There are 2 protein chains.
Amino acid sequence: MSMRGQSISIGELARRADCKPETVRYYERIGLLRDASRTDGGQRRYGDDTVRRLSFIRHARDFGFSVASVRELLAMSDQPDMSCQEVDAIATHHLKKVESRLQRLSALREELQRMVTHCAGGKVESCRIIEVISDHQLCITENSHGGAQDLG
Amino acid sequence: MSMRGQSISIGELARRADCKPETVRYYERIGLLRDASRTDGGQRRYGDDTVRRLSFIRHARDFGFSVASVRELLAMSDQPDMSCQEVDAIATHHLKKVESRLQRLSALREELQRMVTHCAGGKVESCRIIEVISDHQLCITENSHGGAQDLG
DNA sequence: TGTAAACCTTGTAGCAACTACAGCTTCAAG
DNA sequence: CTTGAAGCTGTAGTTGCTACAAGGTTTACA
């Protein structure tokens with residue numbers, strides 16, 4: 001095995017994949033990235049394969065896939081001969097979740113718009129925003145109820 | 001001070017505000033709810049005022065306001081004579097965040113739809129989904145880039 | 001009055017997915 | 001050969017809860 005291409009430091013790797021060294025170490029710790037080879041002094045050195053792998057991870061995370069899903073996607077992409085049914089299943093499942101999130105969020109936007117529009121700028125006593133938050137009855141949409149999922 | 005109206009247990013309170021006892025204790029710990037009065041045996045007892053306050057908190061959280069924002073909103077609603085400019089500012093700020101989140105999410109949905117639609121169901125080798133995640137160049141929208149914010 | 005179920009108590013640890021230190025060592029440029 | 005940036009490990013913090021364990025209290029019913 002040649003050492004050629006094992007010349008990228010953790011900082012450089014992070015820069016190329018648009019994240020931070022801490023994140024790289026974190027991914028190594030949880031097993032998304034394999035243990036890196038080291039210099040004599042103990043610093044990590046990477047090759048282009050890891051740049052590609054890390055970029056894949058970051059993009060998938062950007063797309064909103066959970067680390068667990070990324071793990072599965074990585075395992076599958078490591079086996080090019082496999083059927084991609086499972087890949088499709090994960091993506092479709094994710095799409096469903098995104099769609100329902102989208103619905104909730106847009107109901108929420110309408111409610112907030114309504115609140116803000118109706119706030120006359122007077123006293124807190126008669127503030128439309130406080131009222132709507134206090135009394136769910138004043139909501140138009142039923143969608144805006146149902147448990148907050150990290151919207152905040 | 002009469003003890004009348006201090007007869008609601010933590011479980012009952014939680015039920016009325018649609019959350020769990022653990023959450024109530026948590027809110028007490030972080031100072032969103034004041035320390036409750038206790039029975040001789042040391043159990044918490046509440047009045048209707050707390051039911052209203054907790055409902056307010058839960059609704060605000062449902063609307064996606066952070067605990068920090070809820071804290072500010074509570075402080076303001078405790079002062080009915082104040083101008084509600086700040087309330088409006090918090091809500092408007094929140095609305096902006098919701099709107100940008102919404103845009104990102106809908107770009108994400110399109111990309112996922114495109115991925116899933118183009119996945120022919122063949123081998124992982126030629127899987128459209130894996131390709132798009134691997135290579136951001138294949139994305140249509142620019143919006144789908146920019147750092148994942150708790151999408152899942 | 002006894003007892004058993006249902007509820008409550010505190011404290012602690014866990015979740016996701018990082019992020020931010022502190023206190024030290026190593027590397028690379030000049 | 002020095003200096004300053006970057007890297008190392010390990011641990012704790014973030015947000016907003018949730019989930020125990022190991023006990024104590026309340027309440028309803030017989």
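What you see is a predicted model, and the numbers here were worked out from it, not measured in a lab. Here is the naming used below: chain letters follow the sequence lines, and residue numbers restart at 1 for every chain.
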- Output all residues satisfying salt bridge (charged side-chain N to carboxylate O under 4.0 Å, His left out) with R109(A), sequence neighbours left out; order by chain, then residue number. none
- R25(A): salt bridge (charged side-chain N to carboxylate O under 4.0 Å, His left out) partners, not counting sequence neighbours: none
- Rounded to whole angstroms, how far apart are CG on L32(B) and C1' on dC17(D)? 12 Å
- Query: S9(A) versus R45(A): any side-chain heavy-atom pair under 4.5 Å?
  - Reply: yes
Protein-nucleic acid N or O pairs under 3.5 Å, nucleotides 19-21 of chain D:
{"from": "dA19(D)", "atom 1": "OP2", "to": "K20(B)", "atom 2": "NZ", "distance (Å)": "3.2"}

- With Q113(A) via side-chain hydrogen bond (donor to acceptor under 3.5 Å, both in side chains) - residues at least two apart: E99(B)
- Item | Partners passing side-chain hydrogen bond (donor to acceptor under 3.5 Å, both in side chains) against R16(B) (at least two apart in sequence or in another chain) | E12(B)
Please tabulate the protein-to-nucleotide N/O contacts below 3.5 Å involving nucleotides 27-30 of chain C, giving atom names and distances.
{"from": "dC27(C)", "atom 1": "OP1", "to": "T39(A)", "atom 2": "OG1", "distance (Å)": "2.9"}
{"from": "dC27(C)", "atom 1": "OP1", "to": "G41(A)", "atom 2": "N", "distance (Å)": "3.0"}

- Please determine if a side-chain N or O atom of T23(B) lies less than 4.0 Å away from the OP1 or OP2 oxygen of dG16(D). no
- Message: Please evaluate residues D62(A) and R104(B) with respect to the criterion salt bridge (Lys or Arg N to Asp or Glu O under 4.0 Å), reporting the C-alpha separation (whole Å), side-chain torsions for both, the decisive distance (0.1 Å), and the verdict.
- Response: CA-CA 10 Å; D62(A) 269 2; R104(B) 267 182 55 64; 5.5 Å; no
- Pair E28(B) + R44(B): basic N to acidic O under 4.0 Å: yes
- Query: Hey, are D49(B) and R34(B) close enough for a salt bridge, meaning a charged N less than 4.0 Å from a carboxylate O?
  - Reply: no
